[in-house]
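Below you'll find the structure, written out as structure tokens, and then a few comments.
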Amino acid sequence: MEQQHTPLRGTNVRRPKLRVSRQQKKKRRRDRLKALLAAALAIPGIGLATSTASAQSVAEAPEIRFFYADYQEGRRYDDRMRVKEPIVWMRTPLVDEVEFEGSFTVDSISGASPLFLNTLTGASGLGVEDVRHAGDFKFTKYFENFSVGAGGVFSSEDDYLSRGAVLDARVWTPDKNTTFAFGVSVHDDDITSSIAPDFRESRTTYDVLWGVTQVINPVSIIQTNITFSTGDGYFADPYKAFDNRPRSREQWALLNRYNLYLPSLDSSLHADYRIYRDTWSITSHMLEVAWYKPLGTSWLIRPSIRYYTQSAAYFFEDVYPPDDINRFMTFEQRLSGFGSVTLGLKVVRELPHGFSIDCSANYLQQKPEYKLGGGESSVIVPFDATFFTVGMSKKF
Amino acid sequence: MKILRLFVILFALSLCSCAEVKPWQKENLARGHMAFDPDQAEARYVRHLYTSKEGSSGGYGVGGGGCGCN
Amino acid sequence: MRVIIILLLTSLVSFSIAVAGEKNAAAPLFSLVSSSGKSVALSDYRGKVVYLDFWASWCGPCKESLPWMNEVKREIKSDLFQIIAVNLDSERDSAERFLKEHDVGALTVAFDPSGGTAESYKVAAMPSSYIIDTHGNIVASHRGFHESSKQEIVKEVKALLAEQGIK
């Protein structure tokens with residue numbers, strides 16, 4: 001396929017200007033909080049829930065992990081996109097039943113995304129070379145029957161900066177078989193453009209999570225989380241031509257996770273299913289299954305498979321060039337209809353003194369034909385990618 | 001909202017008719033590979049990867065955003 | 001935002017706390033077996049201050065609590081103070097492996113694989129421990145094992161021994 005480079009990028013496409021007064025912005029923000037609150041109160045009896053881990057006591061000892069992932073998209077382009085991502089993560093108990101958890105990463109993105117239809121992991125669509133710094137941290141205090149946590153998250157690139165704050169809480173029953181989780185967060189994003197110095201936009205997103213984790217029997221546990229996100233501001237891509245998206249987005253996701261231990265096979269099976277819907281008309285389903293199998297006393301292998309399908313955003317444009325430009329539209333592949341499959345295999349080796357090393361190989365393929373119910377597109381370019389990871393952990 | 005109703009039903013189900021598991025019966029649940037995200041670095045990586053390649057996100061926790069994906 | 005936080009806090013307060021093994025209630029009697037096959041019965045410990053601990057090989061904090069208990073017993077040499085560590089592993093092998101790897105010589109280890117004794121003490125967390133006085137009553141209980149527990153336990157035990165005239 002011919003590489004279509006920059007002539008269209010940064011072109012000043014005339015878009016319908018939505019001038020929103022400051023008062024209207026404030027009102028919208030208030031309305032969103034009201035909606036969030038109403039939603040929070042709609043669940044009877046729960047005040048609280050939180051994110052993934054269902055730990056009910058402070059970490060016993062510090063733990064640190066170094067992780068590195070190398071991602072490469074293949075075959076379709078001459079300049080394949082490559083992302084190298086080292087991550088450092090740690091968790092440690094502090095004094096007085098307080099725990100700290102944090103991570104930091106520096107992504108290096110290289111290789112062009114030549115088609116103006118495609119984009120990269122960061123906000124930047126140029127992708128000749130880009131670096132992203134990101135991190136998160138959280139302090140959690142554990143009490144007899146509940147815990148509370150507060151933290152922050154940030155992500156920064158040449159033309160994008162996001163900062164967020166998170167608050168979460170968990171309560172569990174005395175027998176610790178049921179845990180309720182509740183979390184809220186707010187993110188403020190600033191978007192600029194390295195090719196248009198006067199361009200400056202922003203976006204604010206509020207998220208809420210409710211979750212329940214339930215021990216079913218001595219070998220199985222289930223977790224159900226529902227998240228709601230409401231965003232206001234700039235959602236488009238300044239590097240893309242013919243890209244004009246709504247200035248608001250509400251998203252719902254329901255995730256079910258189930259872990260089952262099989263004593264006869266000394267393995268555990270993990271199955272996650274998530275259904276998602278948003279106000280851009282995207283509906284998606286995700287099913288991920290992983291098998292954890294210890295081998296001997298110090299090895300573990302984990303094959304995994306992930307299937308994902310999504311419907312296109314209502315304003316996804318499938319015809320190039322578009323006939324009418326005075327409406328919402330995008331050629332962003334991420335918002336089109338497609339399915340994807342990922343296969344992975346991870347190997348872990350425990351070493352003495354609390355060390356362990358691991359590596360994994362993964363293959364991902366995304367194409368319209370994999371969409372549930374079938375799909376095809378004239379503008380989407382299917383892609384595949386492989387990513388390898390290596391890691392090392394130390395538990396003190 | 002349909003999803004909300006589904007969640008409430010699942011939540012109600014999750015509380016009833018579960019065997020009352022005693023603390024000393026949780027040996028298998030305590031295994032490292034029975035945790036929901038045994039590898040926190042990997043979980044962050046893949047969540048970010050899929051959020052940047054796909055049109056949906058969420059479900060795992062709050063505050064994991066800021067991916068900058070448009 | 002503020003309202004959400006207030007809601008969060010008030011909901012937190014509304015959850016009640018259950019207590020495992022009522023304070024000042026008679027400690028439930030039991031008769032278990034030790035590694036060597038000898039009988040370990042609580043009735044034999046009348047007149048002594050007993051620190052009763054429920055543990056398992058797979059319980060994280062137990063890796064720290066058992067060696068620490070051993071230290072405490074070596075320090076408080078009095079015969080009026082005894083530590084009984086009741087193991088709750090369903091497989092004896094796992095427990096024996098753990099005992100080999102840690103110094104627990106000063107403790108009396110008993111086995112309760114079916115969990116019947118743990119049930120009678122309403123054990124709600126792993127590990128759980130109870131301090132029993134010379135009359136056979138529970139005077140204190142601890143859920144889990146924390147840094148702060150260590151000092152408290154030693155204080156409670158020493159206080160009981162002081163009543164008996166032991167320093």
Side-chain angles (χ1 to χ4, degrees), chain B, chain C residues 1 4-5 7-8 11 15 18-21 28 30 32 52-66 85-98 109-130 141-145:
Chain B
M1 248 232 90
K2 221 166 34 151
I3 289 185
L4 197 61
R5 226 179 297 149
L6 189 59
F7 173 66
V8 176
I9 293 170
L10 280 166
F11 164 63
L13 280 174
S14 73
L15 291 187
C16 61
S17 71
C18 292
E20 219 223 295
V21 182
K22 302 290 178 182
W24 57 90
Q25 298 173 320
K26 293 185 180 173
E27 169 171 13
N28 290 316
L29 296 170
R31 289 174 195 270
H33 58 78
M34 275 296 282
F36 281 107
D37 283 311
D39 186 342
Q40 283 289 311
E42 179 191 57
R44 280 164 171 74
Y45 173 69
V46 295
R47 292 236 160 112
H48 175 256
L49 170 65
Y50 290 120
T51 306
S52 64
K53 292 291 164 192
E54 298 168 351
S56 42
S57 59
Y60 296 95
V62 288
C67 88
C69 322
N70 288 307
Chain C
M1 212 62 205
I4 294 180
I5 295 175
L7 270 174
L8 247 162
S11 312
F15 277 85
V19 180
F30 57 81
L32 302 171
L52 179 67
D53 182 83
F54 289 91
W55 66 282
S57 64
W58 47 266
C59 137
C62 300
K63 294 185 176 65
E64 222 204 293
S65 65
L66 259 78
V86 179
N87 173 262
L88 297 170
D89 273 86
S90 52
E91 306 256 323
R92 179 76 91 100
D93 289 342
S94 318
E96 299 286 8
R97 211 178 308 136
F98 183 99
V109 179
F111 297 91
D112 179 24
S114 63
T117 306
E119 182 83 59
S120 66
Y121 277 80
K122 297 201 194 75
V123 166
M126 292 298 293
S128 276
S129 55
Y130 305 85
S141 66
H142 292 265
R143 263 206 265 173
F145 183 71

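Residue numbers start from 1 in every chain, and the chains themselves are labelled A, B, ... in the order their sequence lines are given, proteins ahead of strands.
Between C/Tyr121 and C/Phe54, the two ring planes are tilted [angle within 30° to 60°].
To the nearest 0.5 Å, atoms CD (C/Glu91) and CD (C/Glu96) are separated by 12.5 Å.
Ring centroid separation for the pair C/Trp55 and C/Phe98 comes in under the 6.0 Å cut-off.
Remark: C/Arg97 does not engage C/Asp89 in a salt bridge, criterion side-chain N to carboxylate O under 4.0 Å.
For the side-chain contact (heavy atoms from CB on, under 4.5 Å) criterion with B/Arg44, the lone passing option out of B/Arg47, B/His48, B/Gln40, B/Glu42 is B/Gln40.
Heavy atoms only, all atoms of each residue included: C/Asn87 and C/Ala56 are closest at ND2-CA, 3.9 Å.
Contacts between residues 112-120 of chain C and chain B, defined by a heavy-atom separation under 4.5 Å, are made by C/Ser114, C/Gly115, C/Ala118, C/Glu119.
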